[in-house]
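Following: one structure in structure tokens, then a few remarks.
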Amino acid sequence: MSAAREEDIVILGGGLAGASAACILADSGRSPLLLERDAEPRHKVCGEFLSIEAQAYLADLGIDLDGLGASRIARVRLAHGRNTTEAHLPFLARGLSRRSLDEALLLQAGSRGARILRGVSAREISTEGKSIRLDAGTKGAIQAQTLFLATGKHDVRGVKRASAGTMNDLIGFKGHYRLAGRQKIELEGYVEVMLFAGGYAGLQLVEDGLANLCLVVSRRYFDDAGKSWDRLIARIVDECAHLGERLGAAQPLFERPLSIFQIPYGFLHDPYAGDPPGLFRLGDQAAVIPSFTGDGMSIALHSGRLAATTFLAQGQASVIFQRQLRKDVQRSIRFSSALNTAVRYRVGRQAIFHLCRGWPAAMRHVTSLTRVQESAVTGALATR
Ligand SMILES: Cc1cc2nc3c(=O)[nH]c(=O)nc-3n(C[C@H](O)[C@H](O)[C@H](O)COP(=O)(O)OP(=O)(O)OC[C@H]3O[C@@H](n4cnc5c(N)ncnc54)[C@H](O)[C@@H]3O)c2cc1C
């Protein structure tokens, strides 16, 4: 085995979870090494809906959402077949592309003293006893005292998530559009959620008046559309005329949509899985909440902060961190997973739509039940 470079703290992945942990560790005088696979900022599959908790974490880390041009979203509109219903959200949400947001947070981490290496991908991680060793490709081998694993949806050989049994036949798609004048005006201030047989779609504005369309569909529905994006959209529009209206005369801004396969919705890491005490699993590597109503970005930011503050206070005590994280997010993951299952059935979609139409406040309750618990966020923000 070749000699490995030794590092005190390595953070693998520079998304929201990894970059937020890097900011907090750097603020405490540590100098973590953060490895990020992408050499340049890029778009990611995401609805780009920022809940109030995510906003609180971002503000605390010095991210100026107004300065970045984030849209404002006060209402939700639910569409099913030819019908729509709407309600106020329980908070003012924001919309911002992941390309802008993740870059801003990574720059914050660098300016606070984290050492950022971009364009570096870890191929494999081996753990033995307390030892953690990374194969960092062109950067060679690294022996890390402590590793914050924050590679999001991407598993790394040697430390793959045990996600068997989760709902993983779903595909996520995302594309940005410039909507026609009236469609853009009608979307302003709203997040629109559309239900259809094969899944659901979210549409909202982000910065510069652009619209983000994010879809989650079953693999079978996509296969039945001949695995073609255009036929997939045509099929959804057949069922949900609202989407057809919104996309009529819209200009797609991506050559082809981004996609992600086999999302392990409902996954929650087992704190007692036998990881070394210096291995902290963050963000989607620790918990994956269904995106229908979910709050994945605030879970990522919450986990980044909780892992960093637990490490600073108690050292290599990853089991304590993973246990607390599980406690903070499992209710919202369970509830979101149940909803996600319900919308897969016609009767479930109809029931949800009729409930929301008859009792619009239900949409507010759903939004509240699918977020990280407020007390956990307040507690985490108070710890530094
Ligand atoms: C379809 C869909 C819609 C969603 N919509 C929303 C929404 O509207 N609101 C919301 O709050 N959440 C949403 N989410 C969830 C949210 O996107 C994720 O929970 C969040 O991005 C997780 O953050 P992370 O930091 O864990 O991972 P990521 O943001 O995925 O970051 C991981 C980083 O690690 C890097 N990386 C990966 N592998 C390696 C490697 N081997 N070496 C080095 N670097 C590596 C990647 O390049 C990436 O930058 C959605 C998710 C999906 C799938």
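Order of listing sets the numbers, starting from 1, for every ligand and every atom in it. Along the sequence shown, residues carry numbers from 1. As the structure is a prediction and not an experimental result, all values here were calculated from the model.
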Where ligand 1 meets Leu35 - atom numbers and elements under 4.0 angstrom, heavy-atom basis | 43 (C), 44 (N)
Side-chain donor-acceptor contact under 3.5 Å, Glu48 with Ser97 | no
Looking at His354 versus His80, is the centre-to-centre ring distance below 6.0 Å?
-> no
Have a look at Gly47, Ala150, Ala17, Ala122 and point out the one with the heavy atom closest to atom 42 (N) of ligand 1.
-> Ala122
Please state which protein non-hydrogen atom is closest to atom 9 (N) of ligand 1 and give its distance, to 0.1 Å?
-> Phe49 O, 3.0 Å
Arg281 versus Gln322: any side-chain heavy-atom pair under 4.5 Å?
-> yes
For Ser291 and Tyr265, does a side-chain donor sit closer than 3.5 Å to a side-chain acceptor?
-> yes
State whether Tyr57 and Arg305 meet the cation-pi test: NZ (Lys) or CZ (Arg) under 6.0 Å from the six-membered ring centroid, and within 45° of the perpendicular axis.
-> no
Is it the case that Gln324 and Thr310 place a side-chain donor and acceptor less than 3.5 Å from each other?
-> no
Taking atom 39 (C) of ligand 1 as the reference point, the nearest protein heavy atom with its distance | Thr151 CG2, 3.5 Å
No-hydrogen, no-angle side-chain donor-acceptor test under 3.5 Å, His242 and Glu192 = yes
Of all the atoms in ligand 1, which lie at a distance below 4.0 Å from a heavy atom belonging to Gly283?
-> 26 (O)
Using a strict cut-off of 4.0 Å, indicate which atoms of ligand 1 neighbour a heavy atom of Val45.
-> 1 (C)
Element-labelled atoms of ligand 1 that are located less than 4.0 Å from some non-hydrogen atom of Ala300 | 22 (C), 23 (O)
What protein heavy atom sits nearest atom 44 (N) of ligand 1, and how far away is it?
-> Arg37 N, 3.1 Å
Closest approach of any protein heavy atom to atom 34 (O) of ligand 1, naming residue and atom = Gly13 CA, 3.3 Å
With a 3.5 Å cut-off and no angle check, do the side chains of Tyr177 and Asn212 form a donor-acceptor pair?
-> no
Shortest non-hydrogen contact between Gln204 and Phe49, atoms and distance = OE1-CB, 3.2 Å
Would you please name every residue forming a side-chain contact (heavy atoms from CB on, under 4.5 Å) with Ser20, sequence neighbours left out?
-> Leu61, Leu105, Leu301
Ligand 1 atoms nearer than 4.0 angstrom to some heavy atom of Asp38 are 47 (O)
Enumerated ligand 1 atoms positioned under 4.0 Å from heavy atoms of Asp295 = 11 (O)
Could a heavy atom of Ala54 be found less than 4.0 Å from some atom of ligand 1?
-> no
For the pair Arg75 and Glu86, find out whether any cationic side-chain nitrogen is under 4.0 Å from an anionic carboxylate oxygen.
-> yes
Does the side chain of Arg349 come under 3.5 Å of the side chain of Tyr200 through a donor N or O and an acceptor N or O?
-> no
Which of these, Ser20, Gly152, Gly15, Cys46, has its nearest heavy atom closest to atom 6 (C) of ligand 1?
-> Cys46
Is any N or O atom of His154, backbone or side chain, closer than 3.5 Å to an N or O atom of ligand 1?
-> no
List in chain and number order the residues that pass side-chain contact (heavy atoms from CB on, under 4.5 Å) with Ser228, two or more places apart in sequence or in another chain; answer none if no residue qualifies.
-> Asp230, Arg231
Check: of Arg157, Lys153, Glu48, Gln285, min heavy-atom distance to atom 30 (O) of ligand 1 comes from Lys153
Residue, atom and distance of the protein heavy atom nearest atom 26 (O) of ligand 1 read Asp284 N, 3.0 Å
Counting heavy atoms only, name the option from Lys44, Met297, Arg98 that's nearest to atom 17 (O) of ligand 1.
-> Arg98
Can Arg235 and Glu239 be said to form a salt bridge (Lys or Arg N to Asp or Glu O under 4.0 Å), step by step?
-> CA-CA 7 Å; Arg235 197 168 173 207; Glu239 239 190 279; 5.9 Å; no
Side chain, backbone, both or neither: the part of Cys214 lying under 4.0 Å from ligand 1 by heavy atom | side chain
Using a strict cut-off of 4.0 Å, indicate which atoms of ligand 1 neighbour a heavy atom of Val120.
-> 42 (N), 43 (C)
Would one find an N or O of Val156, backbone or side chain, under 3.5 Å from an N or O of ligand 1?
-> no
In ligand 1, which numbered atoms sit nearer than 4.0 Å to a non-hydrogen atom of Gly296?
-> 10 (C), 11 (O), 12 (N), 15 (C), 19 (O)
When you measure from atom 47 (O) of ligand 1 to every protein heavy atom, which one gives the shortest distance, and what is it?
-> Glu36 OE2, 2.6 Å
Minimum-distance protein heavy atom relative to atom 2 (C) of ligand 1 = Ser291 OG, 3.4 Å
